[in-house]
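Excluded from the calculations below are hydrogen atoms, water molecules and symmetry mates; all remaining heavy atoms, backbone and side chain alike, are included. Within every chain, numbering begins at 1; the chains are lettered A, B, ... in the order of the sequence lines, protein sequences first and strands thereafter.
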Amino acid sequence: MASYPLNKSLSLRNSSEIDVVFKNGKKISSNLISLHYLNSGHPKMRIAFSVGKKSHKLASTRNKLKRLMKEAFRLNAIDFIEQHLCCDFVFVYFGSDKVNFNDVEQSMKSLLLSFQTKNLS
RNA sequence: UAUGUGAAUCGUCUUGUCGCUAUUUAUAGAGGAAAGUCCGAACACCACAGUACAGCACAAUGGCUAACGGCCAUCGGUCGAAAGAUUAGGAAAAGUGCAACAGAAAGAAUGUACAGGUUAUGCUGUAGUGAAAUCAUGUAAACUCUGUGCGGUGAAAUGCCAUGUAAACCAGCUUAUGAGAGUUGUACGCUCGAUGCUGGAGGGUAGGCAGCUAGAGCAUAUAGGUAACUAUAUGUCAAGAUAAAUGACAAGAGCUUUUUAUAAAGUACAGAAUUCGGCUUAUAGAUUCACUGAAAAG
C-alpha cells in the first residue's frame with residue numbers, strides 16, 4: 001500500500017494562522033470530524049489537527065484522537081496531496097471518546113470526498 | 001491453610017507492513033504516578049539580598065539530608081486479640097473569648113430543700129445536674145504567648161538576533177534644589193537617573209537561536225549504621241518536542257473472567273515540556289518477602 005509521508009514541513013504550526021483559518025475559512029463536516037479550510041496563498045498546503053479541550057478533558061485521549069486523525073488522513077489523502085492545493089486545512093474532532101480507527105477512517109474518507117466534489121463544482 | 005498486617009517489585013510481550021521526532025544516518029524515542037502544582041532546592045534576574053514592623057510556616061526527643069512543612073528511630077496519647085495502625089504531641093499561674101444537653105446558675109452567678117448557727121439577715125455544710133460547680137475546670141484544628149525559620153519573581157526566568165519610521169504626532173504636568181524607575185504588603189535604606197509621566201488619536205510586533213538535557217544521574221558490589229542514609233570501587237550514558245514526535249494496522253503469545261479442553265469478553269490509571277528531592281490524588285491485574293494467631297474450620 002503506497003502512502004504519502006506527512007512530516008513537519010506540511011504541518012500548520014503558527015497559532016495565529018490557525019485562528020485566521022477558523023475565522024475566515026469555510027467549513028465542511030461529517031459525522032465525527034469537521035474541516036475548516038482557507039485558500040491562503042502560501043506555496044505549500046499545510047495541515048493541522050485539533051481536538052477540543054472542553055469535550056475531551058484528558059490529555060492522553062486528545063493525543064490519541066489526534067494520532068488517529070493523522071493516520072486516517074495520511075492513508076487516504078494521496079490524490080488529495082498530488083493536486084498541490086495552496087490551502088490551509090484544520091481538522092477538528094468532535095465525536096465521543098471511545099472510537100476505533102475504522103470509524104475515524106470512514107469519516108475522514110467521506111469528508112475528503114465531499115471536499116473534492118465541492119471544489120470541482 | 002484460609003484470613004489478616006506490613007514492606008517491596010512489575011504494570012503486557014514478539015514479529016511484519018506503513019509512518020513521525022531527533023541527530024552522529026545509524027541508533028534512540030513517554031511514567032509510577034509524566035498528573036495535582038501542595039512543599040523544598042538547583043539555576044536566572046532584581047543591592048550575590050540590607051533594617052524594622054506586618055504576614056506566613058513549623059512545634060515531644062535524637063538523627064538523616066543540598067534543602068524541606070519530607071524521611072528514619074525512640075518515648076507518650078488513641079485504636080486493635082495480635083502483627084500493627086494512627087497522632088497540627090510547646091504554654092491555660094499574662095490576658096481575651098467559648099463551653100452543646102442537663103442544671104437555678106458555666107461567673108455582672110450565689111436559687112430550692114434540709115440541718116447547723118444567729119434576735120434576724122449575711123454565713124457554713126449536705127443533696128441534685130454535668131466532663132467541669134468556686135483560690136473554679138476544660139478548650140490554643142479560638143484569638144493569643146513562647147521558641148525556631150522565611151527577601152521577591154519563575155523557563156512566559158534570562159541573554160542574543162531579526163522585524164517594526166518606534167526616541168513618530170497633539171495636549172497637559174514635572175524637572176539635576178532629582179521627575180521618575182528598579183520584583184517585598186508598609187516605612188526606611190540602596191541602585192539607576194531625563195530616551196520622564198498622564199491623556200488623546202493612530203500604527204506595529206508577538207518569529208528564531210541559546211537556556212535544553214552528564215545529573216545532589218543510574219546499576220552492581222563491599223564497608224559503616226537498628227534505620228533513614230553515608231563512604232569507596234567498578235561499569236554505564238538512557239527522549240528533548242514546541243497547535244507539542246514517541247503512532248496505526250495485521251498476526252501470534254501471555255494474564256483475568258465466563259464456559260464444555262472449542263469459544264467469547266476484557267487487558268487499569270493515564271501522555272514528558274528547565275532539572276532534581278518529597279508530599280497528595282488516580283490505578284485492571286500480577287509477583288516476592290517478613291510477621292500475627294482472636295472467632296470459626298482442620
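- Only the P atoms considered, B:G11 is 35 Å distant from B:U226, to the nearest whole Å.
- Taking the C1' atoms as reference points, B:A133 lies 14 Å from B:G111, given to the whole Å.
- The separation between A:M69 atom CE and B:A245 atom P is 12 Å, rounded to whole Å.
- Scanning all heavy atoms of the two residues, the minimum distance from A:F91 to A:M108 falls at CE2-SD, 3.8 Å.
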With 3.5 Å as the limit, what N/O pairs link the protein to nucleotides 246-250 of chain B?
unit_1: B:U246; atom_1: OP2; unit_2: A:R67; atom_2: NE; d: 2.7
unit_1: B:U246; atom_1: OP2; unit_2: A:R67; atom_2: NH2; d: 3.1
unit_1: B:G247; atom_1: N2; unit_2: A:E71; atom_2: OE2; d: 3.1

request  = Go through A:H36 and A:S34 one step at a time and tell me if the side chain to side chain contact (heavy atoms under 4.5 Å, CB included) criterion holds.
outcome  = CA-CA 7 Å; A:H36 299 253; A:S34 66; 3.9 Å; yes
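- Remark: A:E71 pairs with A:R74 by the salt bridge (Lys or Arg N to Asp or Glu O under 4.0 Å) rule, at least two apart or across chains.
- In this entry the distance linking CZ of A:R62 with P of B:G271 reads 8 Å, nearest Å.
- Both A:A59 and A:K66 sit near RNA chain B, but only A:K66 has its closest nucleotide nearer the 5' end.
- The C1' atoms of B:A219 and B:C237 are separated by 12 Å, rounded to the nearest whole Å.
- Remark: C1' of B:A33 and CG of A:L58 are 14 Å apart, rounded to the nearest angstrom.
- With sequence neighbours left out, A:K64 forms a side chain to side chain contact (heavy atoms under 4.5 Å, CB included) with no residue at all.
- The interatomic distance linking A:F91 (CZ) with B:A243 (P) rounds to 19 Å, in whole Å.
- With C1' as the reference atom, B:C255 and B:U287 are 12 Å apart, rounded to whole Å.
- In terms of the side-chain hydrogen bond (donor to acceptor under 3.5 Å, both in side chains) criterion, A:S50 has no residue partners (sequence neighbours excluded).
- Here the separation of B:G89 from B:A60, taken at their C1' atoms, is 6 Å to the nearest Å.
- B:U281 and B:G6 are spaced 15 Å apart, taking the P atom of each and rounding to whole Å.
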